[in-house]
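Notes to accompany the following structure.
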Amino acid sequence: MTTPIELVVLDMAGTTVLDDGVVEQAFQRAAERTGVADRMPWAEALDHVRATMGQSKIDVFTYLSGGDADAAARATAAFEGAYAEIITEQGVSEIPGAADAIQGLKDAGLRVALTTGFAPITREALLDGLGWRGLVDLALSPIDAGRGRPAPDLVLTALLRTQTSSVSAVAVAGDTVSDVESGRRAGAVFVAGVLTGAHDRPALSAAGADAVLADVTALRGVLAQRELLPLVTTS
């Protein structure tokens, strides 16, 4: 008998929050302001940024800086500042239909947690900009959990904080290989990739996604098809 899902863990930028190149812009501003990536051609640095989308930003900058922890910390702070600037300049938008999709999951009797590789200050700015503080049950950054993705810590911390019964009652969805790997390592019963962000269908499938969806609005339907929703739902 299939265990019903109790908790859905969703990534933010690229999955529920429209990215539209903002993360790359912020990385570039941070690199220009701190020189953290000067040891390599920018194209190579950008390839690494794209490949590691979804991971903790300080981990990405530690690689770019050749392991210099102080330089990585400065660059991470510069990244968070640059991201805030871009939000101020351009505003922040949801992936079309994301808020309704989250509400639909909650209406189905599920708890919803958001996770991100951003620092709490950036995460909170996004939640405020979207007006989502009352929408989700929990929002976590790597500092809240221990390690960032692809480690399982964010998913497992969400499970613990929401008092979910087991990993077999958790579903995960995200737009990056790191999101999928994190869900798999945590033992989530269902892990979906979505095509609204950094990585494509072959990459998400190769990482172990149970399904690759056009966007997060398809998630509730897939959970229903697989008989993973609670039997008793609210209308």
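We're numbering straight along the sequence, starting at 1.
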Donor-acceptor pair, distance only, cut-off 3.5 Å: does the side chain of [X] make one with the backbone of [Y]?
X    : Y    : result
R201 : V212 : yes
D144 : S141 : yes
T122 : F118 : no
S182 : A151 : yes
T164 : S166 : no
T162 : A158 : yes
H199 : R50  : yes
R111 : V8   : no

According to a 4.5 Å side-chain heavy-atom criterion applied to Ile, Leu, Val, Met, Phe, Trp and Tyr, with indirect links allowed, do [X] and [Y] form part of one hydrophobic cluster?
X    : Y    : answer
I58  : V49  : no
V222 : I5   : yes
V216 : V189 : yes
L219 : V17  : yes
V136 : L130 : yes

On a heavy-atom basis, which atom in [X] and which in [Y] lie closest, and how many Å separate them?
X    : Y    : answer
R185 : P150 : CD-O, 3.2 Å
P4   : A169 : O-CB, 3.7 Å
V170 : A188 : O-CB, 3.5 Å
A101 : T217 : CB-CA, 3.9 Å
A207 : V177 : CB-CG1, 3.8 Å
T176 : A198 : CG2-CB, 4.0 Å

Does the pair [X]/[Y] count as a salt bridge with the N-to-O cut at 4.0 Å?
X    : Y    : value
E181 : R149 : no
D137 : K106 : yes
R74  : E80  : no
D59  : R147 : no

Determine, stepwise, if the pair Y63 / T52 fulfils side chain to side chain contact (heavy atoms under 4.5 Å, CB included).
CA-CA 11 Å; Y63 173 85; T52 56; over 6 Å; no

[X] side chain near [Y] side chain, heavy-atom distance below 4.5 Å:
X    : Y    : answer
D210 : R184 : yes
L10  : I102 : yes
V9   : L154 : no
V172 : F190 : no
Q25  : Q90  : yes
D179 : L204 : no

After noting the C-alpha distance and the side-chain angles of V167 and L159, does the key distance pass the side chain to side chain contact (heavy atoms under 4.5 Å, CB included) rule?
CA-CA 7 Å; V167 292; L159 177 151; 3.7 Å; yes

Please test R220 against D100 for salt bridge (charged side-chain N to carboxylate O under 4.0 Å, His left out), starting from the C-alpha separation and ending with a verdict.
CA-CA 11 Å; R220 180 177 173 177; D100 287 343; over 6 Å; no

Drop me the distance from [X]'s [atom1] to [Y]'s [atom2], to the nearest 0.5 angstrom.
X    : Y    : atom1 : atom2 : result
L110 : L7   : CG    : CG    : 8.5 Å
L138 : T115 : CG    : OG1   : 9.5 Å
Q28  : W42  : CD    : CH2   : 5.0 Å
L223 : L229 : CG    : CG    : 5.5 Å
M40  : L64  : CE    : CG    : 5.0 Å
L156 : L140 : CG    : CG    : 11.0 Å

T16 vs E94, side chain to side chain contact (heavy atoms under 4.5 Å, CB included): CA-CA, chis, key distance, verdict
CA-CA 6 Å; T16 55; E94 67 173 3; over 6 Å; no

Should we say atom CD of E89 is surrounded by more than 12 heavy atoms from elsewhere, each under 6.0 Å from it?
yes

Under the side chain to side chain contact (heavy atoms under 4.5 Å, CB included) rule, what do L127 and L114 come out as? Steps first, then yes or no, please.
CA-CA 10 Å; L127 291 174; L114 297 180; 3.9 Å; yes

For D175 and T15, what are the C-alpha separation, side-chain angles and deciding distance, and is it a side chain to side chain donor-acceptor pair (under 3.5 Å)?
CA-CA 5 Å; D175 67 293; T15 301; 2.9 Å; yes

Geometric cation-pi criterion R33 and F27, 6.0 Å radius, 45° cone
no

